[in-house]
Structure formats: structure tokens, C-alpha cells
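Only this structure's heavy atoms are used, side chains among them; waters, hydrogens and symmetry mates stay out.
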Amino acid sequence: ETGVTQTPRHLVMGMTNKKSLKCEQHLGHNAMYWYKQSAKKPLELMFVYSLEERVENNSVPSRFSPECPNSSHLFLHLHTLQPEDSALYLCASRDGTWAGELFFGEGSRLTVL
Amino acid sequence: DAKTTQPPSMDCAEGRAANLPCNHSTISGNEYVYWYRQIHSQGPQYIIHGLKNNETNEMASLIITEDRKSSTLILPHATLRDTAVYYCIVDARDRSGYSTLTFGKGTMLLVSP
């Protein structure tokens with residue numbers, strides 16, 4: 001148990017669906033991250049939020065829309081995804097935006113049909 | 001960003017020390033070296049990090065060369081549960097000055113009985 005909780009753990013959706021992934025941390029951290037891990041590929045950083053403001057967006061397609069309503073919650077809204085978007089989506093949080101340990105959730109396994 | 005180079009895979013006998021090398025020859029003076037591991041289909045787990053001096057915690061030891069161009073993660077008594085992908089990462093700042101951790105392919109460590 002890392003203190004970072006992701007829901008749902010597994011999600012299957014069609015290309016026309018709209019769904020959301022949720023991440024919650026109770027560690028008092030002020031920075032939160034979304035990573036994507038496709039099969040046999042390194043983790044790819046998608047978004048970084050610091051103090052609820054987005055500070056990093058690594059050229060992620062607009063069909064992925066992040067939301068950080070407060071420092072404890074992070075969402076990833078999904079809309080009209082493609083089968084190649086099937087992957088493990090990992091949320092992480094950190095105390096401070098320049099150093100310190102990243103705490104990861106267990107991930108949400110997404111399958112797009 | 002400083003890049004890291006790790007062997008793709010290593011084997012270790014249970015109970016023996018596992019020494020995982022990492023090259024980071026372009027590291028800057030203020031960049032930390034982090035080690036994480038990822039057991040299959042789980043979120044990455046923080047192991048240890050350091051700047052110049054050698055570090056030790058309950059999980060592992062980190063040896064950083066004097067010129068900081070390489071490091072070695074040591075698991076003193078490997079167990080079967082240490083089988084995982086181990087990532088060596090250099091802490092980098094993005095354009096906004098915020099720290100990001102970029103994961104490479106890592107080293108797949110297989111601990112055998």
C-alpha cells in the first residue's frame with residue numbers, strides 16, 4: 001500500500017465511449033503525475049500537476065484530458081480512444097516538484113476495443 | 001536530460017548479492033540518481049536515491065563513482081521476490097524548472113533458486 005489509489009483497476013471501453021480514470025493520494029503531496037506504460041515499452045510521462053496547475057504536457061493527444069480539482073485528486077478523462085491507447089496508466093505523487101520519492105499507484109489497465 | 005544505460009537483463013542466485021550497474025556519463029552536478037523497480041503488472045516502487053555519497057537503506061545500497069558517471073545498485077541478499085525490472089533514472093528538470101523522472105527500459109533481474 002503506497003498511499004496512492006487508482007480506480008478502476010481494469011477498464012474495457014469502445015472507441016466511442018467516454019470514461020475517466022481516478023487517482024487519489026492521502027500523503028499530503030503537492031505534485032501528481034500520469035504515466036502510460038504500453039506493452040514492452042518504457043513508462044511515458046503524460047502529465048504533471050504541481051499545486052493543482054498543469055506544468056507538463058508531453059505532446060499527449062487531446063483525446064486524453066487531465067483534471068486536478070485539488071491536491072489529493074487527479075483524473076484522466078478518456079474520449080474517442082484508439083486501440084493503440086490500450087495500456088497500463090499509472091498515477092504517481094510526490095512531495096515537492098524537484099526532488100523526492102515518487103509514490104506510484106497500482107495502475108489502471110485499459111483495453112480499447 | 002542526462003540519459004542512462006543499463007544492461008537489458010541479469011541473473012542472480014537466491015541469497016547472493018545482486019549488483020546492477022548503470023551508466024550516466026552526461027549527468028549534471030545537481031542531478032540525483034534514482035532507482036526504482038517494477039514487479040510485473042504493478043506500479044513502480046522506489047528503492048533509493050543519491051547525489052554524490054554512497055547511500056544505504058533497508059532495501060539496498062547505492063554506490064556512486066567519484067566522477068558520478070556511473071552507479072551500482074546492490075541488493076545484498078537477493079530473494080525470489082526481488083525478480084523485477086530495475087530502473088536507473090537521473091532526475092531532470094523540464095522547461096518550467098520542474099523535476100521529471102524519465103524511465104528507460106531498465107534491467108530485468110531474474111533471481112533463481
Closest heavy-atom pair, A:L90 versus B:G43, reported as atoms and distance to 0.1 Å, is CD2-CA, 3.7 Å
Quick one: does NZ or CZ of A:R94 land under 6.0 Å from the six-membered ring centre of B:Y34, within 45 degrees of the ring axis? yes
So, the part of A:L102 with a heavy atom under 4.5 Å from chain B: the answer is both
d(A:F104 CZ, B:Q38 CD) to nearest 0.5 Å is 8.0 Å
* To do: Spell out, yes or no, whether A:Y35 and A:V4 are grouped together once hydrophobic residues are joined by side-chain heavy atoms under 4.5 Å, including indirect joins.
  => no
If one checks every heavy atom of B:Q45 against chain A at 4.5 Å, the contacting part turns out to be neither
Using the rule that Ile, Leu, Val, Met, Phe, Trp and Tyr join whenever any side-chain heavy atoms are under 4.5 Å apart, tell me whether A:M13 and A:M46 fall into a single cluster.
yes
So, the part of A:E44 with a heavy atom under 4.5 Å from chain B: the answer is neither
Under 4.5 Å between side-chain heavy atoms, counting indirect links through other Ile/Leu/Val/Met/Phe/Trp/Tyr residues: same cluster for B:I47 and B:L80 or not?
yes
In this structure, CD of A:E101 is separated from CD1 of B:I48 (nearest 0.5 Å) by 11.0 Å
Okay, A:F103 and chain B: the region with an atom under 4.5 Å from a heavy atom over there is neither
Is there a path from A:F75 to A:L81 through hydrophobic residues (I, L, V, M, F, W, Y) whose side chains come within less than 4.5 Å of each other?
no
Taking the side chain as every heavy atom from C-beta outward, state whether B:Y87 and A:L43 have any pair of such atoms under 4.5 Å apart. yes
Shortest non-hydrogen pair, B:G104 vs A:P42, comes out as O-CB, 3.3 Å
Do A:L27 and A:L74 belong to the same hydrophobic cluster, where Ile, Leu, Val, Met, Phe, Trp and Tyr are linked whenever their side-chain heavy atoms lie under 4.5 Å apart, directly or via other members?
-> no
*Full working for side-chain contact (heavy atoms from CB on, under 4.5 Å) between B:Q42 and A:E106*: CA-CA 5 Å; B:Q42 296 182 18; A:E106 292 298 322; 3.6 Å; yes
Step through the shown structure and confirm whether more than 12 heavy atoms of other residues, nucleotides or ligands are within 6.0 Å of CZ on B:R16. no
